[in-house]
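Since we're looking at a predicted model, the values are computed, not measured.
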Amino acid sequence: MKPKILVTSAAGNTGFPVAKQLLEKGHEVRAFVHRPSGRAEQLRKAGAEIFTGNMLDIRDVRRALAGVQRAYYAAPVAPNHLHTGVIFAAAANEARLETVTKMTQWFSQPVHPSFYTREHWLTDEVMAWMPNVDVVTINPSIFADFYFYLLAPIAQLGMFAMPLGDSLNAPPSKEDMARVAVGTLADPAAHVGKYLRPTGPALLSPTDMAEIFSKVFERRVKYMNVSHNMFLKAATALGLPPFAISQARFYNEEHQRGAPALNAPNDVVREVGGREPEDFETIARRYKAERPEAVQSFGNKLRALAFFARMVLTPTPDMERYERGQNHAAIENPAYSMETREWLASHEPQAAIGPRAKVGSAPLQASA
């Protein structure tokens, strides 16, 4: 009999495809969602048990884990990431789950400039302390969804504007990250204690991506290496949450510094997810088919022009002031990943699949 699996953030970017793929494979799925939504309804119709609750309330998490054998853990992008992770770890350990597959970050390390990334590292540490539960970690770098936030200007105006320099990445799709997670949930024994970093099939520069956009949208798309401040203005005009904007600026800097290109591409999607990774053109064509703002029309072009005007008129947000106002934990002399000897040592390319040393701790060993 197949185990029952809890999927947290089941309406989210990776939780939703994880839940769908598990259901397709015949697993019994309990989908943890924060509120009713269209995605939750899709999962219910596909056979999932919907659990609506608050991941910050351990009573809800305990109820969600009752009768469950395995779990996929991915917390929303929010300033309470560590709090959520500790609650889940405590409840999962109480429930004596067989395994937890958790989502972290490729940049995770203890002295990162991003408060959110440091909390990812702390959550990784806490999860590793669970005495009753085995853990598998998925740690992708910047994934493909990131490049589609400003899809309307790409599709309607031919403008792919991001502060990425000429750096490289091999971005995986949400679907491929889900395939890797599902592979570890369906058959965890070979993956316990490991950090698995899914990538796309090829390293691409932003100019390469612009050429693919040009092919997919059948129009010239030009990459524009804009300033960090212009990105902040665009993200604000787009209506992204201030916390997400405040952290994204650090990941743009990581991109420029080359961290996403280290140890990429690799075979994790094929070896754990069971198929070749999707290339960027395939991903772009799916966004074109699914996202209404990608449809080239006079109305969509007017909306894209209106967004561009709104972006230009938007004041540059003061992210440092925002973070001080939110009392985000601050440290002196933070360091980006490629500046950190311990991070580099623990992200050596010798084993994309396998136990690796966690930054600041002894190497993990795979369980028998």
Regarding [X] and [Y], do their side chains bring together a donor and an acceptor under 3.5 Å, going by distance alone?
X      : Y      : answer
Glu323 : Gln247 : yes
Thr314 : Lys233 : no
Asn139 : Arg197 : no
Tyr251 : Ser114 : yes
Glu254 : His112 : yes
Asn93  : Asn132 : yes
Tyr223 : Asn225 : yes
Tyr195 : Thr104 : no

Between [atom1] on residue [X] and [atom2] on residue [Y], distance to nearest 0.5 Å:
X      : Y      : atom1 : atom2 : value
Asn300 : Arg291 : CG    : CZ    : 11.5 Å
Leu344 : Leu262 : CG    : CG    : 7.0 Å
Gln105 : Ile142 : CD    : CD1   : 9.0 Å
Gln69  : His27  : CD    : NE2   : 11.5 Å
His34  : Leu56  : NE2   : CG    : 8.5 Å
Ile87  : Ile58  : CD1   : CD1   : 6.0 Å

(message) Applying side chain to side chain contact (heavy atoms under 4.5 Å, CB included) to Tyr73 and Thr101, what does each step give before you reach the verdict?
(response) CA-CA 6 Å; Tyr73 175 79; Thr101 294; over 6 Å; no

N/O donor-acceptor pairs under 3.5 Å from side chains in residues 149-168, not counting sequence neighbours:
unit_1 : atom_1 : unit_2 : atom_2 : d
Gln156 : NE2    : Glu293 : O      : 2.8
Gln156 : NE2    : Val295 : O      : 2.9
Ser167 : OG     : Leu164 : O      : 2.6
Ser167 : OG     : His255 : O      : 2.9
Ser167 : OG     : His255 : ND1    : 2.6

(request) Quick one: do Gln296 and Lys301 satisfy side chain to side chain contact (heavy atoms under 4.5 Å, CB included)? Show the steps, please. (result) CA-CA 7 Å; Gln296 294 185 7; Lys301 186 170 185 177; over 6 Å; no

Quick one: are [X] and [Y] in side-chain contact, heavy atoms under 4.5 Å?
X      : Y      : value
Arg70  : Pro188 : yes
Thr99  : Val192 : yes
Asp176 : Arg179 : yes
Val7   : Leu22  : yes
Phe51  : Leu6   : no
Met319 : Ile245 : yes
Leu82  : Val86  : yes
Val136 : Lys102 : no

Whether over 12 other heavy atoms sit under 6.0 Å from [X] [atom1]:
X      : atom1 : value
Lys4   : NZ    : yes
Arg341 : CZ    : no
Lys20  : NZ    : no
Arg219 : CZ    : yes
Arg59  : CZ    : no

(request) Begin with the C-alpha distance, continue with both residues' side-chain angles, and end with the deciding distance and a verdict on side chain to side chain contact (heavy atoms under 4.5 Å, CB included) for Gln109 and Glu342. (result) CA-CA 9 Å; Gln109 48 104 342; Glu342 293 85 357; over 6 Å; no

Side-chain donor or acceptor of [X] paired with backbone N/O of [Y] under 3.5 Å:
X      : Y      : result
Gln21  : Gly183 : no
Arg257 : Met338 : no
Arg35  : Gly53  : no
Ser108 : Trp121 : yes

Over 60° means perpendicular and under 30° means parallel, so classify the ring planes of [Y] and [X], tilted if in between.
X      : Y      : answer
Tyr336 : Phe250 : tilted
Phe115 : His328 : parallel
Tyr116 : His81  : perpendicular

Closest contact, heavy atoms only, [X] versus [Y]:
X      : Y      : result
Val133 : Ala92  : CG2-O, 3.5 Å
Asp60  : Phe32  : O-CE1, 4.2 Å
Pro171 : Ile283 : O-CD1, 4.3 Å
Pro110 : Arg118 : O-CD, 3.3 Å
Ala89  : Val126 : CB-CG1, 3.8 Å

(request) Quick one: do Arg44 and Glu49 satisfy salt bridge (Lys or Arg N to Asp or Glu O under 4.0 Å)? Show the steps, please. (result) CA-CA 6 Å; Arg44 186 191 66 77; Glu49 173 193 348; over 6 Å; no

(message) Looking at Arg249 and Glu320, is there a salt bridge between them, counting it only when a charged N and a carboxylate O are closer than 4.0 Å?
(response) yes

(request) From the options Met127, His83, Met130, select the one residue that forms a side-chain contact (heavy atoms from CB on, under 4.5 Å) with Phe88. (result) Met127

(message) Please say yes or no: joined through hydrophobic side-chain contacts below 4.5 Å, possibly via intermediate residues, are Val68 and Leu185 part of one cluster?
(response) no

Show me the donor-acceptor pairs, under 3.5 Å and distance only, between side chains in residues 201-212 and residues at least two apart or in other chains.
unit_1 : atom_1 : unit_2 : atom_2 : d
Ser205 : OG     : Thr207 : N      : 3.3
Ser205 : OG     : Asp208 : N      : 3.0
Ser205 : OG     : Asp208 : OD2    : 3.1
Asp208 : OD2    : Ser205 : N      : 2.9

(message) Walk me through whether Glu28 and Lys2 qualify under salt bridge (Lys or Arg N to Asp or Glu O under 4.0 Å).
(response) CA-CA 7 Å; Glu28 188 177 357; Lys2 291 185 177 181; over 6 Å; no

(message) Applying the ring-ring contact (aromatic ring centres under 6.0 Å, His included) criterion to Phe280, which one of Phe148, Phe143, Phe146, Tyr287 satisfies it?
(response) Phe148

(message) Check for me whether the distance between the ring centres of Trp343 and Trp106 falls short of 6.0 Å.
(response) yes

(request) Determine, step by step, whether Met55 and Ser9 satisfy the side chain to side chain contact (heavy atoms under 4.5 Å, CB included) criterion, reporting the C-alpha distance in whole Å, the side-chain angles of both residues, the deciding distance to 0.1 Å, and the verdict. (result) CA-CA 9 Å; Met55 289 181 65; Ser9 299; 4.2 Å; yes

